[in-house]
Amino acid sequence: MLLALEIWRDDVNAAGGLLGRPVELVYYDDQSNPVNVPAIYTKLLSLDKVDLLLGPYATNMAAPAMPVIMQANKTTITLLAIGVNRHFDMRAISRWFRSGRTA
């Protein structure tokens with residue numbers, strides 16, 4: 001996944017960036033532990049000041065990230081994570097996009 005994102009970043013930046021700005025990838029290893037997720041997303045949003053979030057992957061990692069993302073009113077694109085629907089009122093999250101079929 002990271003290699004694909006690096007290729008995408010390089011292609012976008014070669015074409016002038018996104019919205020006139022170069023794309024930077026900022027990422028951390030959550031060690032596949034949902035307990036680590038809120039702190040990582042807090043850091044991405046408050047310290048790194050990212051504009052767009054790609055991830056997290058799967059429900060068990062997306063669910064603990066969503067309160068942080070929702071509070072910051074940021075956009076995220078997740079892979080799969082269809083089980084998040086059980087944890088949150090998805091009608092209230094207008095800036096969340098996911099790939100994969102809906103439940």
Side-chain angles (χ1 to χ4, degrees):
M1 178 73 162
L2 181 57
L3 179 58
L5 289 171
E6 289 172 338
I7 292 168
W8 171 79
R9 175 205 56 209
D10 294 346
D11 286 348
V12 169
N13 286 342
L18 189 61
L19 300 175
R21 295 171 40 196
V23 171
E24 292 181 48
L25 298 178
V26 180
Y27 54 92
Y28 299 100
D29 182 4
D30 60 25
Q31 300 172 339
S32 296
N33 185 344
V35 172
N36 296 334
V37 171
I40 289 172
Y41 279 82
T42 298
K43 183 175 182 181
L44 286 166
L45 294 166
S46 62
L47 294 176
D48 298 319
K49 305 218 183 284
V50 300
D51 294 312
L52 175 67
L53 297 160
L54 301 175
Y57 173 84
T59 300
N60 63 330
M61 304 309 257
M66 291 309 290
V68 177
I69 296 167
M70 291 166 59
Q71 183 177 16
N73 198 31
K74 288 294 184 177
T75 299
T76 187
I77 302 169
T78 63
L79 301 173
L80 304 174
I82 60 174
V84 171
N85 293 345
R86 291 184 305 231
H87 301 283
F88 301 96
D89 179 0
M90 300 321 311
R91 294 169 296 182
I93 306 173
S94 62
R95 302 177 70 135
W96 175 51
F97 304 90
R98 68 181 178 268
S99 65
R101 61 182 270 272
T102 57

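Here the CD1-CG distance, from Ile40 to Asp30, works out to 5.0 Å after rounding to the nearest 0.5 Å. How far CG of Asp51 is from CG of Leu53: 9.5 Å, rounded to the nearest 0.5 Å. Summarising the geometry, atom NZ belonging to Lys43 is positioned 12.5 Å from atom CG belonging to Leu45; distances are rounded to the nearest 0.5 Å.
Not one N or O on the side chain of Asp48 forms a donor-acceptor pair closer than 3.5 Å with the backbone of Val50. Between the side chain of Asn13 and the main chain of Val23, a donor-acceptor pair closer than 3.5 Å is present.
Counted within 6.0 Å of CD on Glu6, heavy atoms from surrounding residues, nucleotides or ligands total more than 12; the atom is thus considered enclosed. Within a 6.0 Å radius of CG in Leu2, more than 12 heavy atoms belonging to other residues, nucleotides or ligands are found. More than 12 heavy atoms of other residues, nucleotides or ligands sit less than 6.0 Å from atom OH of Tyr28.
Minimum interatomic distance between Gln31 and Asn36 (heavy atoms only, all atoms of both residues): OE1-ND2, 3.5 Å. Minimum heavy-atom separation, Met61 to Pro64: O-CD, 3.4 Å. The two residues Val68 and Pro38 make their nearest non-hydrogen contact at CG2-O, 3.9 Å.
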